[in-house]
Student: 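Submitted below is the structure of interest, expressed as structure tokens.
Start at 1 with the first residue, then count along the sequence. The basis for the numbers below is simple: all heavy atoms, side chains too, and nothing from hydrogens, waters or symmetry mates.
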Amino acid sequence: MPDSRLPADQQFFADLFSGLVLNPQQLGRVWFAHSPASTPAGSLRLEWPRLDVVLRGVYGNLLIPEQKAIRQGEMLFIPAQAVNMPVFEKPVMLLSIVFAPSWLGLAYQTPHNEQPQRKVELPYPEKGECAAMLVALTYLSASPQDQDIIQPLVLSLLHWCRKAVSSRPEPGLSRGDFLYQSICNWLQDNYAEQVSRESVAALFNISPNHLSRLFSQQGTMSFVDYVRWVRMGKARTILQKYHLPVSEVAKRCGYPDSDYFSRLFRRQFGLTPGEYRARFQ
């Protein structure tokens, strides 16, 4: 029974997902966009993974000959940083799902309209299950013939989308709180990457100044201090459990310069990494 407490657009997409997952026999092949070295003129390179589901009609990706006519029930998975050139030569009813780090972007396109007729961005807490399925699909893009593995995985992803879209936002959690928590969770999972204020802000579709304000208003330390705090905590865990060279520990914690890492570690804990590790041997 429809949840009348959901906003109208959200309920619309919840019903769409219910129709898909309750009728899996209507779903067909999953196609994959590619990641060429350069972006052809007129094409789109997507920053986040996207899944396009053809609900009715014909949709196409001009960059790959066999994808010029993707038909009803078939899907196109576009991994992060992959490229496609959508074509709408025939009427199509299309559901597009964008999997961003802290929100789910949904668009519904009807025949004879190149612009989405319904579009919504829903914040959602990423707990790992969606990310794991997206990573698996990205790897499987190298072997698109394995449809017996790919199609059940995409069906599971659609089930996850249905659950996310059918859920009401947590009461009392503001957009700022949610965004701050999502960024912190992402940093705790990606601390080994070369992150910067600008790169993280771009990933979450906000300005660098907005990112700084979030940490000053919602948290207890600045963005730079938080990144260092996460990395130093991970470094302590590695030093306690593994006998790795300090240079390797530094690299695993996002510091290519081991001397700089050692100075930061000593400044925070009063011991060098080697002295700290000696306490646990």
Side-chain angles (χ1 to χ4, degrees), residues 1-33 46 48-59 61 70-80 82 84 86 88 91-111 113 115-138 140-141 147-171 173 175 178 182 205:
M1 187 173 184
D3 186 346
S4 60
R5 295 169 295 181
L6 293 176
D9 279 345
Q10 187 173 344
Q11 184 63 61
F12 172 82
F13 284 106
D15 292 340
L16 268 187
F17 282 114
S18 293
L20 290 172
V21 302
L22 295 176
N23 298 280
Q25 72 280 1
Q26 296 182 8
L27 298 176
R29 183 185 177 92
V30 180
W31 300 90
F32 292 91
L46 302 178
W48 301 302
R50 190 178 91 195
L51 180 67
D52 289 341
V53 183
V54 181
L55 304 174
R56 192 175 302 167
V58 180
Y59 170 61
N61 173 19
I70 302 174
R71 302 186 181 279
Q72 180 174 333
E74 297 183 333
M75 294 164 276
L76 174 65
F77 180 71
I78 308 164
N84 82 318
F88 302 96
V92 65
M93 189 179 294
L94 188 71
L95 170 64
S96 295
I97 313 157
V98 176
F99 301 91
S102 65
W103 52 269
L104 193 65
L106 305 170
Y108 171 74
Q109 187 167 307
T110 56
N113 288 284
Q115 297 300 319
Q117 300 306 294
R118 287 179 181 259
K119 190 174 182 180
V120 67
E121 293 179 0
L122 300 175
Y124 72 93
E126 173 53 69
K127 298 179 181 178
E129 61 270 39
C130 177
M133 288 186 279
L134 293 171
V135 169
L137 279 172
T138 300
L140 285 165
S141 66
Q147 291 291 311
D148 289 344
I149 301 172
I150 293 166
Q151 291 183 30
L153 181 58
V154 171
L155 180 60
S156 296
L157 185 61
L158 292 173
H159 273 285
W160 181 90
C161 290
R162 180 196 186 196
K163 180 180 177 182
V165 174
S166 300
S167 301
R168 290 188 301 150
E170 293 183 27
L173 189 64
R175 182 177 177 85
F178 182 87
S182 297
N205 203 28

Student: In chain order, what residues pass the side chain to side chain donor-acceptor pair (under 3.5 Å) check against Asn205, with sequence neighbours excluded?
Tutor: none
Student: Looking at every non-hydrogen atom in both residues, tell me the closest pair between Ala14 and Val165 and how far apart they are.
Tutor: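 Result for this residue pair: N-CG1, 3.5 Å.
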Student: Restricting to non-hydrogen atoms, name the atom on Val54 and the atom on Ile70 that form the minimum distance, rounded to 0.1 Å.
Tutor: CG2-O, 3.7 Å
Student: Are side-chain heavy atoms of Leu20 and Leu95 found at a separation under 4.5 Å?
Tutor: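 Touching, per the 4.5 Å side-chain cut-off.
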Student: Just to verify, what does Gln151 make a side-chain contact (heavy atoms from CB on, under 4.5 Å) with, not counting sequence neighbours?
Tutor: Val30, Gln147
Student: If I compare all heavy atoms of Leu94 with all of Val53, which pair ends up nearest, and what's the gap?
Tutor: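 Shortest heavy-atom contact: CD1-O, 3.4 Å.
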Student: With sequence neighbours excluded, tell me which residues meet side chain to side chain donor-acceptor pair (under 3.5 Å) with Gln72.
Tutor: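 Testing Gln72 for side chain to side chain donor-acceptor pair (under 3.5 Å), a comparison that skips the adjacent residues, returns none.
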Student: Does some side-chain heavy atom of Val92 sit less than 4.5 Å from a side-chain heavy atom of Arg56?
Tutor: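 They are not in side-chain contact.
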Student: Would you please classify the geometry between the Trp160 ring and the Phe99 ring as parallel, tilted or perpendicular, with 30° and 60° separating the classes?
Tutor: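 Geometry flag for Trp160 against Phe99: tilted rings.
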Student: With sequence neighbours left out, what residues match Asn23 under side-chain contact (heavy atoms from CB on, under 4.5 Å)?
Tutor: Gln25, Gln26
Student: With rounding to the nearest 0.5 angstrom, report the CG to CG distance, Leu155 to Leu27.
Tutor: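 If I round to the nearest 0.5 Å, the distance is 6.5 Å.
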Student: Which residues pass the side chain to side chain donor-acceptor pair (under 3.5 Å) test with Ser18, sequence neighbours left out?
Tutor: Arg162
Student: Could you tell me the separation between the CD1 atom of Ile78 and the OG1 atom of Thr138, rounded to the nearest 0.5 Å?
Tutor: 11.5 Å
Student: Give the minimum heavy-atom separation between Ala33 and Leu76, together with the two atoms involved.
Tutor: N-CD1, 3.7 Å
Student: For the residue pair Phe12 and Tyr108, is the inter-centroid distance of their aromatic rings smaller than 6.0 Å?
Tutor: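 Yes, the ring of Phe12 comes within the 6.0 Å limit of the ring of Tyr108, centre to centre.
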Student: Do Lys119 and Leu106 make a side-chain contact, defined as non-hydrogen atoms from C-beta onward lying under 4.5 Å apart?
Tutor: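 No, side chains not in contact.
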Student: Could you measure the distance from the CG atom of Leu51 to the CD1 atom of Ile97? Nearest 0.5 Å is fine.
Tutor: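 It is 4.5 Å, given to the nearest 0.5 Å.
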Student: Which residues pass the ring-ring contact (aromatic ring centres under 6.0 Å, His included) test with Trp31, sequence neighbours left out?
Tutor: none
Student: Can you name the side chain to side chain donor-acceptor pair (under 3.5 Å) partners of Asp52, sequence neighbours left out?
Tutor: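 Residues passing side chain to side chain donor-acceptor pair (under 3.5 Å) with Asp52: Arg50, Tyr59, Ser96.
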Student: I want to check something: taking the side chain as every heavy atom from C-beta on, are Ser141 and Phe77 in contact at a cut-off of under 4.5 Å?
Tutor: no
Student: Within the structure provided, determine whether Ile150 and Phe32 are in side-chain contact (heavy-atom separation under 4.5 Å).
Tutor: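 Result yes, sub-4.5 Å side-chain heavy-atom pair found.
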Student: Given side chains that start at C-beta, do those of Phe13 and Arg118 come closer than 4.5 Å, heavy atoms only?
Tutor: yes
Student: List the atom of Leu157, the atom of Met133, and the distance in Å for their closest heavy-atom pair.
Tutor: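 For Leu157 versus Met133, the nearest heavy atoms are N-SD, 3.7 Å.
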Student: Taking all heavy atoms of Leu22 and all of Pro24, pick out the closest pair and write down the distance.
Tutor: C-CD, 3.4 Å
Student: To the closest 0.5 Å, what do you measure between OG (Ser166) and CD (Gln10)?
Tutor: 8.0 Å
Student: Got a second to check how far Leu16's CG is from Leu158's CG, nearest 0.5 Å?
Tutor: 11.0 Å
